[in-house]
Amino acid sequence: MMEPVLEVFDVWKSFDELEVLKGVSFEVAEGEVKVIFGPSGSGKSTLLRCINMLDPPHQGDILLRGESLMKKGADLNKFRSKIGMVFQNFNLFAHLKAIDNVAIGPRKVLGFTKEQARERAYSALQLVKMTDRAHHYPAELSGGQQQRVGIARAMAMEPDVILFDEPTSALDPELIGEVLQVMLDIAKRGTTMVVVTHEMGFARAVSNEMIFMDEGVVVERGTPQHFFAGAESARARKEKEVG
Amino acid sequence: MQELQEIIRWIEYIIVNGLPATLLLTALGLGIGLLFGLVLALARVYAPTGIQIMATLYERLFRSIPILVLMFVFAIGLPWVFAFAGVGTNAIFAAVAFSLGLRSSAYQSGIFRSAILSVSPGQLQAARSLGMSEMMANQQIVLPQAFRIAVPAWSNEYAVVIKDTSFALAVGVTEMNKLAFNLYTESPALMMFILVVLTLIYFCFTYPVTKYVGEYMSKRLKRLGLGGG
């Protein structure tokens with residue numbers, strides 16, 4: 001078996017008295033798509049923020065290609081440059097045009113020249129079909145377009161894995177399709193992805209494994225076939241249906 | 001006809017001899033205020049508590065001293081501090097510039113601080129998630145947005161500083177107010193008239209700037225989806 005790209009091992013996280021994650025573990029292999037779902041407040045978003053150490057866990061370990069992010073003196077900036085993140089609210093840089101949003105990572109973090117970074121950004125915008133809006137500011141784009149640029153921004157770093165934090169939850173229903181289509185496209189290209197989402201259609205179509213979380217623990221995990229063939233627990237079924 | 005020529009002569013006299021000093025004091029005051037104000041704002045947002053408290057005390061202090069008192073303290077009380085600028089009028093000029101600048105910094109720090117805080121936290125998170133250090137994320141993402149957000153309030157500060165250069169007459173700097181003062185001590189009967197002319201000159205240098213900057217920037221900020229403009 002191949003070495004996993006990402007290993008999450010027994011991660012615990014609490015805010016003050018509130019325990020949000022209580023020993024979550026899973027691993028992601030190269031090219032895999034993992035979907036995490038569950039009711040709101042179950043700790044899914046916190047888990048993603050623990051994985052890239054924006055909110056470091058209190059206990060447990062995160063390994064990227066076998067190297068620990070929790071080790072003392074770990075170069076977190078370097079690790080984060082290899083872990084892409086797509087946000088629910090897009091969080092595009094408001095003062096930069098679409099192309100510069102995508103180019104700034106390669107330029108400033110990976111040390112590309114201006115031209116190299118632009119080239120990299122342009123091909124990432126091609127992937128998400130946004131080249132025609134390359135010179136628009138985020139506020140001039142629809143939510144769906146902003147999220148596609150957000151995905152391009154993550155892709156342009158050519159990270160080992162991309163984390164998606166409910167990428168379509170903030171979108172008007174008619175804009176969800178275009179974003180899911182882009183996510184399908186990049187999944188088919190072999191991008192390693194961890195996706196927190198309620199989009200069961202997407203989960204069924206592309207995920208290798210679905211992880212059902214509730215109250216800070218993994219309740220059930222299995223293939224989409226497992227969840228969609230009626231073998232799942234009653235709790236997961238309920239969540240899948242309202243999802 | 002003769003009166004019109006007289007008025008034009010006054011305007012010319014005030015502008016030619018006084019405007020350079022007024023504008024230079026404004027530029028120095030705003031520049032010093034920008035430099036110190038930025039450092040204070042950054043200290044108040046990012047520095048450890050001890051330094052934050054010192055920055056806050058500085059703001060309170062310089063916001064509470066009347067500008068005229070500050071000018072007397074600097075220009076007359078502490079001329080040796082400003083000896084680096086030369087002797088006599090040069091040192092006084094520098095003292096006035098620093099009075100305006102340090103006072104302005106106490107207000108500019110508030111402008112920049114609230115601008116920094118109004119940048120959405122998601123911007124910093126997105127920058128960090130790309131692998132930027134906190135320093136780089138602030139330089140590349142937070143501060144450029146904060147500067148844009150700060151411009152309308154900053155243009156008000158410009159208007160305050162340019163008007164307050166007029167206090168410099170009290171320590172003997174030949175700026176526009178001082179020259180108007182010279183004119184109406186020569187012809188006291190025309191005092192009101194000369195003051196109206198002086199007011200109009202100040203008006204020309206404040207209103208169009210604040211209006212243009214305000215309108216241009218709120219349009220631009222709207223385009224960027226930043227703040228209410």
Side-chain angles (χ1 to χ4, degrees), chain A residues 45 48-49 51-56 64 75-97 100-111 117 136-141 143 146 149-150 153-165 170, chain B residues 34 37-38 41-42 45-46 108 111-155 213-229:
Chain A
S45 295
L48 291 193
R49 297 166 51 80
I51 292 175
N52 74 0
M53 303 288 280
L54 281 177
D55 262 329
L64 188 70
D75 185 350
L76 287 184
N77 293 330
K78 193 159 178 215
F79 278 120
R80 288 198 189 106
S81 72
K82 297 176 184 177
I83 302 176
M85 182 97 171
V86 174
F87 298 87
Q88 183 174 1
N89 295 315
F90 330 130
N91 289 345
L92 292 186
F93 305 130
H95 64 304
L96 298 178
K97 292 172 177 171
D100 298 317
N101 259 279
V102 183
I104 193 166
R107 174 91 180 90
K108 297 291 173 188
V109 178
L110 303 181
H136 284 58
Y137 285 100
E140 299 169 326
L141 302 172
Q146 287 190 55
V149 175
R153 178 171 68 179
M155 291 289 287
M157 299 292 287
E158 297 192 347
D160 291 336
V161 55
I162 301 183
L163 314 176
F164 291 78
D165 186 7
Chain B
L34 176 67
L38 259 183
L42 292 172
V45 178
Y46 300 113
Q108 290 193 40
I111 293 172
F112 288 117
R113 177 171 165 270
S114 62
I116 291 170
L117 293 178
S118 73
V119 174
S120 125
Q123 298 283 310
L124 185 62
Q125 280 175 23
R128 298 305 305 275
S129 79
L130 283 176
M132 290 190 192
S133 65
E134 180 148 10
M135 176 96 139
M136 186 192 278
N138 277 304
Q139 266 172 17
Q140 297 292 331
I141 307 300
V142 179
L143 291 181
Q145 292 184 35
F147 279 130
R148 288 166 172 82
I149 294 169
V151 169
W154 203 80
S155 74
V213 172
E215 278 180 4
Y216 172 78
M217 274 318 286
S218 60
K219 228 182 272 167
R220 177 141 180 91
L221 287 173
K222 203 174 235 171
R223 188 172 176 215
L224 296 178
L226 287 173

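If you're wondering where the values come from, they're calculated on a predicted model, not measured in any experiment.
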Contacts with chain B made by residues 154-162 of chain A (heavy-atom distance under 4.5 Å), listed by residue number: A:Met157
Given B:Arg220 and A:Tyr137, is the side chain to side chain contact (heavy atoms under 4.5 Å, CB included) satisfied, shown in steps? CA-CA 11 Å; B:Arg220 177 141 180 91; A:Tyr137 285 100; 3.5 Å; yes
Considering only heavy atoms, which portion of B:Met132 lies under 4.5 Å from any heavy atom of chain A: side chain, backbone, both, or neither? both
Inter-residue atom distance B:Ile141.CD1 - A:Lys108.NZ, 0.5 Å rounding: 10.0 Å
What part of A:Leu92 gets closer than 4.5 Å to chain B, counting heavy atoms only: side chain, backbone, both or neither? backbone
To the nearest 0.5 Å, tell me how far B:Ser129 OG sits from A:Ile51 CD1. 13.0 Å
Salt bridge (Lys or Arg N to Asp or Glu O under 4.0 Å): pairs with one or both residues in residues 139-155 of chain B, sequence neighbours excluded: none
Please output the residues of residues 120-127 of chain B in contact with chain A, using a heavy-atom cutoff of under 4.5 Å, in numerical order. B:Gly122, B:Gln123, B:Gln125, B:Ala126, B:Ala127
Less than 4.5 Å to any heavy atom of chain B: does that hold for the side chain of A:Arg49, its backbone, both, or neither? side chain
What do you reckon, is OH of B:Tyr46 surrounded by more than 12 foreign heavy atoms closer than 6.0 Å? yes
Between A:Ala139 and B:Leu224, which heavy-atom pair has the shortest distance, and what is it? CB-C, 3.6 Å
Applying a strict 4.5 Å limit to non-hydrogen atoms, the region of B:Gln140 in contact with chain A is both
Review item, side-chain donor-acceptor pairs of residues 78-89 of chain A, under 3.5 Å, at least two apart:
| from | atom 1 | to | atom 2 | distance (Å) |
| --- | --- | --- | --- | --- |
| A:Arg80 | NE | A:Asn52 | O | 2.8 |
| A:Arg80 | NH2 | A:Met53 | O | 3.0 |
| A:Ser81 | OG | A:Lys78 | O | 2.6 |

Once rounded to the nearest 0.5 Å, what's the spacing between atom CG of B:Leu130 and atom CZ of A:Arg107? 14.5 Å
